[in-house]
Amino acid sequence: MAAHPGGLTAVASSGTVRSAVGSSSGTAPATGAGNAVSVRNLIRSFGPKGVLNGVDLDIAPGEFVALLGPSGCGKSTLLRALAGLDHDVRGSGVISVPERVSVVFQDSRLLPWDSVLGNVTLGLREHDADSRARKALAEVGLAGREKSWPHELSGGEQQRVALARSLVREPQLLLADEPFGALDALTRIKMHGLLQDLVAAHRPAVLLVTHDVDEAIALADRIVVLDSGRVATVRTVTPEISTAVDAAGHEALRRDLLADLGVVGTSH
Amino acid sequence: MAAHPGGLTAVASSGTVRSAVGSSSGTAPATGAGNAVSVRNLIRSFGPKGVLNGVDLDIAPGEFVALLGPSGCGKSTLLRALAGLDHDVRGSGVISVPERVSVVFQDSRLLPWDSVLGNVTLGLREHDADSRARKALAEVGLAGREKSWPHELSGGEQQRVALARSLVREPQLLLADEPFGALDALTRIKMHGLLQDLVAAHRPAVLLVTHDVDEAIALADRIVVLDSGRVATVRTVTPEISTAVDAAGHEALRRDLLADLGVVGTSH
Amino acid sequence: GGTATAGNPTSQASFTPLAASVPAGTTIKVGDPSIRVALELSGLIKDLDGINVEFANISGGPQTTEAFRANALDVGSVADIPPIHATWTGLDVRIIASAYRQDAVNHPLYELGIAPGSGIAKLEDLRGKKVAYSPGQAQGALVLRILEKAGLAQDDVKLIELPSTGDAYSSALSSKQVDAAPLGGVQIKRYLAKYQADGATTLRHGLRDDPGHLYSPAKVLADPAKAAALAKYAEAWGKAQRWIEDHPKEWLEGYYIKDQGLSAEDGQYLIDAAGKRDVPTSWTEAIERHQQTIDLLAREQKKPQLKAADLYDTRFEAIAGTAFTVAGKGGAA
Amino acid sequence: MSAAPVLERPAVEPHLDPALAAREDVRPTGRRLGPGRRRRLAWLLGPSVLLGLWTVSSATGLLDPRILSEPWTVVATAGELIADGRLQENLAISAQRAGLGLFFGIVVGAVLALLAGLSRVGEALIDGPVQIKRAIPGLALIPLLILWFGIDETMKVLTITLGVFVPIYLQTHAGLRGIDLRYVELAQTVGLSRAAFIRKVVLPGALPGFFLGLRFAVTGAWVSLVVVEQINATSGIGYMMELARTYGQTNIIVLGLAVYGILGLLSDGAVRFLERKALSWQRTLAG
Amino acid sequence: MSAAPVLERPAVEPHLDPALAAREDVRPTGRRLGPGRRRRLAWLLGPSVLLGLWTVSSATGLLDPRILSEPWTVVATAGELIADGRLQENLAISAQRAGLGLFFGIVVGAVLALLAGLSRVGEALIDGPVQIKRAIPGLALIPLLILWFGIDETMKVLTITLGVFVPIYLQTHAGLRGIDLRYVELAQTVGLSRAAFIRKVVLPGALPGFFLGLRFAVTGAWVSLVVVEQINATSGIGYMMELARTYGQTNIIVLGLAVYGILGLLSDGAVRFLERKALSWQRTLAG
Ligand SMILES: Nc1ncnc2c1ncn2[C@@H]1O[C@H](COP(=O)(O)OP(=O)(O)OP(=O)(O)O)[C@@H](O)[C@H]1O
Ligand SMILES: Nc1ncnc2c1ncn2[C@@H]1O[C@H](COP(=O)(O)OP(=O)(O)OP(=O)(O)O)[C@@H](O)[C@H]1O
Ligand SMILES: [Mg+2]
Ligand SMILES: [Mg+2]
């Protein structure tokens, strides 16, 4: 997690899907070239309602970006656009993403007709897919549940299966839409660890949607706050801040982010 | 929110479904009589696996209980048992609940074929159901979305519709399974306010499942931690603790609860 | 097989003589679509004033017997096989009027269609050939009679069971799935028109296949009021036969073209093919021929014996024939 | 203790333009696994190809007109029959019979499906006999129907009804039984009455199944006419075809088949149109 | 600043007992909106009632045996036919024809449904003609089938296939089109190949529809025999019935109907059994 905005620390893994066209306006933090993700002037709307009103965003290879923003501000819409899932949504803008993108959906989205194991190995072509999936399931605390149906899992367990599904892959870009929302504090910390291990091992670019400011600070290199369909603020998290929890800088960043989100005064 | 365990502060609204049979063993915190909810020696299992291994729980009328516990420990199972939704689950124990129970499910569970408004008014027989539902929707920040289909809403918006659906009812017991999990900090605070208003107005007994320790402290009169299928700890929250956020007592309780959940040392 | 009961439980003696007049309010349900048109075209329908005649568009064996069982019909118009089968299935029926063709052998209803290239020039050539056969239908009985005439047993040919619905037989012939199949009416003309060029022919069987009957359930005939009404109908029916005979133009126009939607050419073909009508005043000869058919069917299809005479209600014997004859004289005058 | 947090606040103007389409739009384009966007009038392609094949093979002599009349002959025949009013008359009568049968079939099928779907007693009593009914060939039932209901219109409409109610029943029943248990639980917790449960959960949930049943039912009703109008009918498209068959009028037979085909396509299309309107809440592969 | 938090730690023993059922179990019992628990053998109720009605009305003379033979006559007839081996022989031949037709029908229907369901071109080309096919009465097609495929076994199996593939197609197609878009999106993001998409998402998702189609198809295959075995057949249950009709052997006809009813019930039951096994992942009202 040492990559900085626009930095080119890790493996150059920018994909071949579309080269980023540099025709962006505004003060986007970096140029498109060399970035894993480059979004320019992204506009998306459902009916007359504009959801994204010109989003610019770059993510360097290996960079971990957290996306915050009020409910309904367009975080999932942005992720879906990056994942290429919005064929039928009206809009414009230029998006460039790597080839191998992995998505953790806001709903866990397990195939109801496949076992937990089958859901994790879905789409894996490697011959050791099964054993890797078993390992990933064990890591998220679901050893022994390989044969369960998704509907036999608790909410948090389903979410962890979805996480395991993305852990066994080696994406160049990981898009995760509130992957820890239904987890208790302890499990959540464990999952953070797993995600950090994945990032350390394969250095994917990560865009993580979360509502937990602390989580954003702990995990991200950079925190982007979305508001009114645009990038309202971008805050860089230095390693010092993210690791030293009780530090003043940490508390200040926390307070600032909450303020960005409209929470005035110290919340609980 | 002043009721204490076993206390008889508020309106006596214990229902008529089943009287609590006092044949419980163990050291349950209070006797069943006069309680809105009384659970004795509740055992539930899926297949050979025991999920609830003898839960005892009483909730006084008007009392607000928060339920914490690791993912998969049986919180939803307990709620479903209280809601009478586990016809087909094996188990034993004695449950007594009031007549009018309202449930906020862990998934928002909106009927996909009904509009947002239709989902909120579902089952309401009052002639002013529509206007009340509109008001509730406005309160959760979804004015103008009455005619949307559920699939047109963001995750947090769906959760708020489910909340609005429970707000327009006047239950004697409100069972809420992580109703704020997908909400950002600001929206979450607003929703807390709405829930507190509802509680103040109708004084239902409330059992709220949450993973957010701060949320539990802010809202609950009593916090119950479930572990290994039993009530592991019960902590009472005095009004002083819950309101004075920066107080030492608050921080201590927070730390204790995290410890109950297995998080050692100060988490972020 | 052979589980059906033979013979008619109601004997001719149990019928009361026909009353001269029809009680007011008597209703008969008639399944005789073509004569209905003739009655209307000719105005003979007025003869039936005073009787409630309800026409149903039902004819042919299976449909009329089904309707008889359901009490939905009092009299139906069929060929000579259905009364036999009806009796075999335990339905007691009686023929009350019969019409034939003069020079029937040269005016057959059916001819034997011969598939192109099958080399059948005479009936005896059928030996070893595939012949379409529909056991329950008149065509099926005809095939058996043809084989008998050719001196062949069922085993000497290959009977291919095939329902004769629509143009199934001409399809089967033209695609050489069968070598011979009885074709009736316009189908003969069409088959030749289409496939003569390929070598298709038809063969005259030289048998009488002309009987047409009115028949009723014995239960209905035992009701004096209905019986009297049916006697009136049989009379009108005889007159109508004569009218058709005498008015080919009107018949062509009113029935074949307007009612049945045929082209003038097809209608004329059918009229020509039918030749002159014959409605006898005595059934003796007809009963004899009918008995032969019964004997053949009983033998070939392993059915109980029947007396053909039991199939006829002799009270009606002269009615239609007399009406036909008298009307003819009247028409000539 | 550490560096102060860095704030970058990009100054982008909000600029949502109604004319989005005019803008540049470059998206990552993954292979699309679904069938893609619905295209209007695309459904005409198949029938047109069929018609084209028929025309071409007739014109080139590949298809013997003795086997299947040429399209132009059929069109000419249609012209004649329309000119003298026969086609319309027969169609009108048939449509009335089919319509009545369809109506009763839908009502009976849906009611039985509800009874069998919502109670185990109802299911035990109703489901078996319905399965038996549909296993028994319709033709074999006609004698019984004549026996019980005579040979008039009643019997015709009833026969159609008996044919039509089966798919409606089966599909609605399956649709209903396929409703996600989560919605049943929801209905229970909001205290829906039985009637409201049926109205709010069961019927909408079973609607996709019902519509599929309806698609079987509409064509079923038309097809039944062939059988029904052989019995004591003097009009109707089935009667017209039967008559043409006895006289070997191939052109009228083929016209009849074409009419059936067109009726089938149109009624099926109508049901699917309704379906799309009624099920607009669905987000499925159909798009 | 405030009172210290209070801790109560109840000392309850873990005591999960395998013999849970023996314990007291008092639950809030809301009215259950679903149909409740499935009961074994309940499906026998309806057919039994039907049989009872038949027996009673025959015994009391309410039902004329000339209209519908008495159950005991039918049983006796069955006994005779089984004794001389005719029933088994005919059934075996018919089962073979129906089975072959069913097999090909399932393959054709499923493949066409996949083609039409997964591509718009496929749909445009296939769907219309299938709708036309199913709108055209089967009886009317027989002459054409004789022309093209003769009158041998091929033609019989083909006719059954043509009848069977329609419901399989329609249901599978609808099931497939009804697959939740969310799973298609998932398939896309995990980079499923087209084949894997079909195997992992499309087929399982369309399975409920397919099974319903199969239920129509199995009875359809049996029923088709009535028509098919009139053509150049000397054996088979349809032939046996046709012969009996010709000769007015009511008892054999009714026996045939009973056999159809039983076959229908059994094959439908078999499909539903398979369905329950294959769709055990479903959590629906069916329970
Ligand atoms: N298919 C759709 N049709 C219409 N409106 C939609 C559709 N999908 C999303 N929206 C709207 O677009 C806005 C943005 O939705 P999005 O899902 O991106 O929000 P979000 O930021 O992810 O919110 P949350 O944190 O609640 O998940 C919301 O107001 C939502 O109602
Ligand atoms: N239908 C079922 N069949 C089998 N096991 C089940 C079923 N439902 C729940 N379980 C199991 O029971 C345990 C408790 O589930 P429950 O949903 O109550 O957990 P929870 O405490 O709500 O967890 P979470 O916080 O993740 O929602 C889990 O391990 C789950 O896998
Ligand atoms: Mg979202
Ligand atoms: Mg849960």
Side-chain angles (χ1 to χ4, degrees), chain A residues 46-47 49 51 68-77 105-108 141-142 144-145 148 152-160 177-178 180-189 192 209-215 217-218 242-243 245-246 250 254 257-258 261-268, chain B residues 46-47 49 51 68-77 105-108 141-142 144-145 148 152-160 177-178 180-189 192 209-215 217-219 242 245-246 250 254 257-258 261-268:
Chain A
F46 297 103
K49 206 170 131 251
V51 170
L68 293 174
S71 173
C73 73
K75 302 180 294 299
S76 299
T77 304
F105 290 93
Q106 192 165 9
D107 55 329
S108 318
L142 291 172
R145 299 301 297 269
S148 297
E152 292 172 340
L153 300 182
S154 80
E157 287 167 345
Q158 291 178 10
Q159 211 167 42
R160 283 181 276 154
D177 203 345
E178 295 185 50
F180 311 120
L183 300 180
D184 62 291
L186 182 63
T187 311
R188 195 181 271 235
I189 292 171
H192 289 175
V209 175
T210 179
H211 286 309
D212 187 330
V213 171
D214 297 317
E215 186 166 277
I217 298 174
S242 70
T243 46
V245 178
D246 286 329
H250 185 285
R254 188 170 187 275
L257 281 169
L258 285 171
L261 289 167
V263 182
V264 282
T266 21
S267 87
H268 50 261
Chain B
F46 297 103
K49 207 170 130 254
V51 171
L68 292 175
S71 172
C73 71
K75 304 180 294 298
S76 299
T77 304
F105 290 92
Q106 191 165 7
D107 55 330
S108 317
L142 290 172
R145 300 301 296 269
S148 296
E152 292 173 339
L153 300 184
S154 79
E157 287 166 347
Q158 291 178 12
Q159 208 167 43
R160 283 181 275 155
D177 203 346
E178 295 185 49
F180 312 121
L183 300 180
D184 62 289
L186 182 63
T187 312
R188 193 181 273 237
I189 292 171
H192 289 176
V209 175
T210 179
H211 286 307
D212 187 331
V213 171
D214 297 316
E215 187 168 275
I217 299 174
L219 295 173
S242 72
V245 178
D246 286 329
H250 185 285
R254 188 170 185 275
L257 282 169
L258 285 171
L261 289 168
V263 182
V264 281
T266 20
S267 89
H268 47 260

With sequence neighbours excluded, tell me which residues meet side chain to side chain donor-acceptor pair (under 3.5 Å) with B:Thr187.
B:Asp184

For A:Gln158, which residues count as a side chain to side chain donor-acceptor pair (under 3.5 Å) partner, sequence neighbours excluded?
none

Residue from B:Gly74, B:Gly181, B:Gly156 scoring the most non-hydrogen pairs under 4.5 Å with chain A is B:Gly156

To the nearest 0.5 angstrom, please state how far the [atom1] atom of [X] sits from the [atom2] atom of [Y].
X        : Y        : atom1 : atom2 : answer
A:Asp212 : B:Asp212 : CG    : CG    : 7.5 Å
A:Leu258 : B:Ile189 : CG    : CD1   : 7.5 Å
A:Ser71  : B:Leu142 : OG    : CG    : 7.5 Å
B:Ser76  : A:Leu153 : OG    : CG    : 12.0 Å

Work out which heavy atom in A:Leu186 is nearest to a heavy atom in B:Gly262; give both atom names and the distance.
CD1-O, 3.4 Å

For A:Glu178, is it the side chain, the backbone, both or neither that has a heavy atom under 4.5 Å from a heavy atom of chain B?
side chain

